[in-house]
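The structure appears right after this line, and notes come after that.
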Amino acid sequence: MKSPLLSLPGAVPAEGVDEGVAAHYGDLFREQRALADGTGFVDLSHRGVVTVSGEDRLSWLHLLLTQHVSELPVGEATEALILSAHGHIEHALYLVDDGTTVWAHVEPGTQDALIAYLESMKFFYRVEVADRTADIAVVHLPAGSIADVPDGAVVRETPYGRDVFLPRAGLEEFAASHGPAAGLLAYEALRVEQHRPRLGFETDHRTIPHELGWIGTAVHLQKGCYRGQETVARVQNLGKPPRRLVFLHLDGSDVHLPVPGTEIRVADEGPEGRRVGVVTTSVRHHELGPVALAVVKRNVPVDARLLAGETAAAQEVVVEP
């Protein structure tokens with residue numbers, strides 16, 4: 001769904017899964033600095049929006065999600081996952097309840113599969129699931145922003161800023177009063193700095209929550225049964241995940257960033273050494289320079305010097321080995 005904010009001066013469209021919103025508006029580092037200073041906003045209107053209403057909404061979602069939501073306070077933001085029977089991550093939901101409805105935004109294009117799964121699990125529960133992507137857009141106000149939100153808008157307030165659900169028809173009016181706009185590349189740079197994983201970027205078909213540090217933030221370890229819980233409990237109590245998320249400081253002398261999927265090797269073994277991981281997201285940060293998130297094998301020494309393709313990389317631990 002193409003955002004009307006692509007008509008703003010300097011807007012350059014994002015590509016791939018993020019198609020439909022602006023990658024940037026002509027000055028990536030200025031946009032990053034604005035967000036870091038708590039000003040401006042980010043257009044996330046390409047993300048899917050799903051609502052669950054009805055008096056059983058919280059108790060029902062509690063049975064399906066990895067997060068404890070049966071007593072979720074009104075207005076309190078949380079995030080949750082849906083796992084496969086084998087404990088692999090299938091969906092990531094960013095939630096808030098407004099007292100009558102649970103609002104969630106999800107990765108672009110994943111809402112149809114999510115809704116199909118939720119509908120298949122309704123049984124006798126008094127819930128209604130709806131796809132609101134066509135009429136509701138998400139925008140992000142950064143941490144520290146003192147900007148007002150439109151009357152009636154639903155807000156998820158997190159340590160990283162506020163996600164605002166507002167009528168899609170009001171996007172241009174919102175932009176006019178809450179600028180300057182920052183593109184998705186600026187938002188992603190701060191996400192990488194904050195070590196926050198993203199579904200479809202840091203995950204693949206076999207990712208389990210422990211590998212990305214989602215235990216605690218999106219997975220509650222003291223709640224009732226949900227699909228995939230056996231894997232979560234077994235790894236938590238008896239073992240270690242096979243991989244771990246790391247933050248990489250990349251050699252700034254290289255002109256090009258290593259693209260997602262670039263193989264990571266131990267530098268001491270040379271460019272033909274064994275593959276120990278892959279780059280998942282790489283960005284240019286306004287203060288840190290070129291940095292990335294990557295997933296590597298758990299047994300890679302934390303002090304090992306790495307190569308991301310041909311680019312030297314120093315790792316910073318995100319998930320303990």
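Quick caveat, the model's predicted, so the values are computed rather than measured.
- The pair R244-E320 fails the salt-bridge criterion, with no side-chain N (NZ, NE, NH1 or NH2) lying under 4.0 Å from an Asp/Glu carboxylate O.
- Not one N or O on the side chain of H140 forms a donor-acceptor pair closer than 3.5 Å with the backbone of D163.
- Under a hydrophobic-cluster definition in which Ile, Leu, Val, Met, Phe, Trp and Tyr are linked whenever side-chain heavy atoms come within less than 4.5 Å, directly or via other members, V50 and V69 are assigned to the same cluster.
- Cation-pi check for R191 over F201 is met; the charged atom lies under 6.0 angstrom from the ring centroid and within 45 degrees of its normal.
- Between the side chains of D98 and T100, at least one donor N or O lies within less than 3.5 Å of an accepting N or O.
- Around CD of E119, the count of heavy atoms belonging to other residues, nucleotides or ligands within 6.0 Å exceeds 12.
- A side-chain donor-acceptor contact under 3.5 Å links D43 and S3.
- You'll find the ring centres of H195 and F247 inside the 6.0 Å limit.
- A salt bridge links E263 to R265: one of the charged nitrogens lies within less than 4.0 Å of a carboxylate oxygen.
- In this structure, CZ in R284 is found 7.0 Å from CZ in F29, a value given to the nearest 0.5 Å.
- Geometrically, R196 engages Y160 in a cation-pi contact, judged by NZ or CZ lying under 6.0 Å from the ring centre and within 45° of the ring axis.
- Contact between V52 and V127 at its shortest, heavy atoms only, is CG1-CB, 4.3 Å.
- Taking every heavy atom of both residues into account, T66 and A218 meet most closely at OG1-O, 2.5 Å.
- Residues E76 and R156 are not paired through a salt bridge, judged by the lack of any N-O separation under 4.0 Å between the basic side chain and the carboxylate.
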E202 and T207: side-chain hydrogen bond (donor to acceptor under 3.5 Å, both in side chains), yes or no, with the steps? CA-CA 8 Å; E202 279 60 59; T207 304; over 6 Å; no
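- For the pair T39 (side chain) and A34 (backbone), a donor-acceptor distance under 3.5 Å is present.
- For NZ of K223, the number of neighbouring non-hydrogen atoms (other residues, nucleotides, ligands) closer than 6.0 Å is greater than 12.
- Follow the hydrophobic side-chain contacts under 4.5 Å out from Y94 and you never reach I82; the two are in separate clusters.
- Salt bridge annotation for R243-D204: present, with a cationic side-chain nitrogen under 4.0 angstrom from a carboxylate oxygen.
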Walk me through whether R47 and H105 qualify under side-chain hydrogen bond (donor to acceptor under 3.5 Å, both in side chains). CA-CA 6 Å; R47 292 184 64 82; H105 65 80; 2.9 Å; yes
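- Between the side chain of E188 and the backbone N or O of A186 there is no donor-acceptor pair closer than 3.5 Å.
- Using a 4.5 Å cut-off on side-chain heavy atoms (C-beta onward), L5 and S45 make no contact.
- Across all non-hydrogen atoms, the minimal contact from W214 to E79 is NE1-OE2, 3.0 Å.
- Screening V96, V139, V155, V149 against F165 for a side chain to side chain contact (heavy atoms under 4.5 Å, CB included) leaves a single residue, V96.
- Contact detail for V235 and P241: the closest heavy-atom pair is CG1-N, 3.8 Å.
- The two residues S84 and E90 make their nearest non-hydrogen contact at CB-OE2, 3.3 Å.
- Donor-acceptor pairing under 3.5 Å is lacking for the side chains of Q67 and H220.
- Dense packing is recorded around CD of Q194, with more than 12 heavy atoms of other residues, nucleotides or ligands lying under 6.0 Å away.
- The CG atom of L114 sits 5.0 Å away from atom CG of L93, with the distance rounded to the nearest 0.5 Å.
- Side-chain N or O atoms of E31 include none that pairs as donor or acceptor with a backbone N or O of G40 at under 3.5 Å.
- Residue L171 is not grouped with residue L6 when hydrophobic side chains (ILVMFWY) are merged at heavy-atom distances under 4.5 angstrom, including chains of intermediate members.
- The number of heavy-atom neighbours closer than 6.0 Å to CD1 of I146, taken from other residues, nucleotides and ligands shown, is 12 or below.
- Here the side chain of S177 pairs a donor or acceptor atom with the backbone of E173 at under 3.5 angstrom.
- A donor-acceptor pair is defined here as one N or O able to donate and one able to accept, closer than 3.5 Å; no such pair exists between the side chain of D18 and the backbone of A14.
- There is no path of hydrophobic side-chain contacts, each under 4.5 Å, that joins V246 to L288.
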